[in-house]
There are 2 protein chains.
Amino acid sequence: MTTTPGDRPDLPTVPDAELLRLDHQVCFSLHAASRAFGGFYRQALKDLGLTYSQYLVMLVLWEHGPQPVKAIGERLYLDSGTLSPLLKRLEAAGLVRRERSREDERSVLIEPTGEGADLRDRALAVPRSVLAATGLSVEEVLGLQDVLRRLTTALGETADAA
Amino acid sequence: MTTTPGDRPDLPTVPDAELLRLDHQVCFSLHAASRAFGGFYRQALKDLGLTYSQYLVMLVLWEHGPQPVKAIGERLYLDSGTLSPLLKRLEAAGLVRRERSREDERSVLIEPTGEGADLRDRALAVPRSVLAATGLSVEEVLGLQDVLRRLTTALGETADAA
DNA sequence: CCCAATCAAGTTGTACACAACTTAGTTGTG
DNA sequence: CACAACTAAGTTGTGTACAACTTGATTGGG
């Protein structure tokens, strides 16, 4: 016990109840903020006919062009169990095409349709309203992202270790 | 590029692509961090037989005692659509009792069983390992929480407005 | 007193997320 | 060449989230 994360020699004597409360607040405030974001995006994306996760996939396609399911999954940290049905829904909505690769028959290439590509212009309104809605300064946003990325990396590594 | 974030008067001229990318990173890094946390908790809670959300409910019950579904929902920002099935699973696991209130027959009181109360001691190990796994200093954790809480509030308010 | 509005839970339907598994295609090595 | 190991998608099952709705209880205004 008495885990000392780095820079202070005197934080060991944190009582159980405090630790529990601190922990509760970290994981929970993150969870709550993520869901609040989800709620905002649900509104903002409603007339584009996209869910938040579908929007993330379209962002990847708009930014990096056609690519296999695997590559999309690596960018978004999602596996085929999540992406396969999601991509089928995007296909059913007429926004992407799914095409089995000739070079490697295991791979399926995802590419935006004309309609999917056109959607990008309308999607530009979304980030503007989101940025305004956060009420955060740009410095805070950048700082937040830095902490979150380190957190994601650290948690990912310990998960691998376990 | 005109990458002058924040404190200058000339930030309006942020090009579309930048805005889109910034936005992508905020919502996505939050989403990714939240899911990384989820993965870590999945491991840490496995031998307690709890999911992350069930753990949050138990935290509320351990900290504030027996209370109606409504109150739990207000603390965790969850509605009955999420809580009702979750609480049934906790009941089936023998960790809580659900009892219709006599004063107000609409309300259902949730209270930990003996087994549910006992689980608290074993759960104390979880926050220790989580705190260690984050790799963050206490200052960073507190700063993070502050930003996240303001973010949640701000996004919640604009959602109400819409 | 009565009934419309409100309220707490629960239900239904959709969409992630993810573990565990299956299927089919590819690759490296003996 | 053969075949085991690996890989990419997809499938299945469980568990959140959340909108929209239903049910039954409570309450406030006329």
Requested in this report: Would you mind telling me which of dG10(D), dA19(C), dT26(D) lies closest to the side-chain atoms of Lys88(A)?
Outcome: dG10(D)
Query raised in the report: Touch check for Ser107(A), heavy atoms < 4.0 angstrom, all strands: base, sugar-phosphate only, or nothing?
Result: sugar-phosphate
Requested in this report: Select base, sugar-phosphate, or nothing to describe what Lys46(A) touches, counting heavy atoms under 4.0 Å on all strands.
Outcome: nothing
Query - Strand partner of dG30(C), provided both Watson-Crick or wobble distances fall under 3.5 Å - result: dC1(D)
Requested in this report: Output the single nucleotide from dA17(C), dT26(C), dC18(D) whose closest atom is nearest the side chain of Arg106(A).
Outcome: dT26(C)
Report task. Identify which nucleotide among dG10(D), dA8(C), dG10(C) has an atom closest to any side-chain atom of Val108(B), counting heavy atoms from C-beta outward. Result -> dG10(C)
Query raised in the report: In Å, rounded to the nearest 0.5 Å, how long is the span from NZ of Lys70(B) to CG of Leu83(B)?
Result: 11.5 Å
Report task. Using a 4.0 Å heavy-atom cut-off across all strands, classify Thr51(A) as base, sugar-phosphate, or nothing. Result -> sugar-phosphate
Report task. Please tell me which of Gln54(B) and Pro85(A) maps to the more 5' nucleotide of DNA chain D, matching each residue to the nucleotide holding its nearest heavy atom. Result -> Pro85(A)
Query raised in the report: Which atoms form the tightest heavy-atom contact between Ala123(A) and Leu48(A), and what is the distance?
Result: CA-CD1, 3.8 Å
Query raised in the report: Say you draw a straight line from NZ of Lys88(A) to CD of Glu91(A); how long is it, rounded to the nearest 0.5 Å?
Result: 8.5 Å
Query - Atom-to-atom span, CG of Leu83(A) to P of dA8(D) - whole angstrom - result: 13 Å
Query raised in the report: Given atom CD of Glu99(B) and atom P of dG10(C), what is their separation to the nearest angstrom?
Result: 13 Å
Requested in this report: Between dC18(D), dA9(C), dA8(D), spot the one nearest the side chain of Asp79(B), thanks.
Outcome: dC18(D)
**Report entry** Ser84(B), nearest nucleotide to its side chain (from dC16(C), dC18(D), dG10(C))
**Finding:** dG10(C)
Report task. Assign Ser53(B) to base, sugar-phosphate, or nothing according to its heavy-atom contacts below 4.0 angstrom with the strands shown. Result -> sugar-phosphate
**Report entry** Non-neighbouring partners of Tyr41(A) that pass side chain to side chain donor-acceptor pair (under 3.5 Å), sequence neighbours left out
**Finding:** Asp23(B)
Query - Nearest-angstrom distance from the residue atom NE2 of His31(A) to C1' of dC18(D) - result: 12 Å
Query raised in the report: Are Leu87(A) and Val108(A) close enough that some pair of their side-chain heavy atoms sits under 4.5 Å apart?
Result: no
Report task. Rounded to the nearest angstrom, tell me the gap between atom CG in Leu45(A) and atom C1' in dA15(C). Result -> 14 Å
Requested in this report: Return the value, rounded to whole Å, for the distance between atom CZ of Arg102(B) and atom P of dA25(D).
Outcome: 15 Å
Report summary line: When Thr82(B) and Arg42(B) are each assigned the nearest nucleotide of DNA chain C, the 5'-most assignment goes to Thr82(B)
Query raised in the report: What pair of heavy atoms forms the shortest contact from Ala44(B) to Val126(B), and how long is it?
Result: O-CG2, 3.9 Å
Query raised in the report: Any side-chain N or O of Ser80(A) under 4.0 Å from OP1/OP2 of dA9(D)?
Result: no
Query raised in the report: Whole-Å distance between dA15(C) C1' and Tyr55(A) OH?
Result: 19 Å
Query raised in the report: Considering only dG10(D), dC18(D), dA15(C), which nucleotide approaches the side chain of Arg89(A) most closely?
Result: dA15(C)
**Report entry** Spacing of Arg35(A) atom CZ relative to dC18(D) atom C1', expressed in whole Å
**Finding:** 10 Å
Report task. Choose from dG10(D), dA17(C), dG10(C) the nucleotide whose nearest atom is closest to any side-chain atom of Val69(B). Result -> dG10(C)
Report task. Identify whether any heavy atom of Glu103(A) sits under 4.0 Å from a base atom; if not, whether one sits that close to sugar-phosphate; answer base, sugar-phosphate or nothing. Result -> sugar-phosphate
Requested in this report: Mind calculating the distance between CD1 (Ile72(B)) and P (dA17(D)) to the nearest angstrom?
Outcome: 14 Å
Requested in this report: Could you tell me whether Leu86(B) contacts a base, only the sugar-phosphate backbone, or nothing, with contacts defined as non-hydrogen atoms closer than 4.0 Å?
Outcome: sugar-phosphate
Query raised in the report: According to a strict under-4.0 Å criterion, is Arg98(A) in side-chain N/O contact with OP1 or OP2 of dG10(D)?
Result: yes
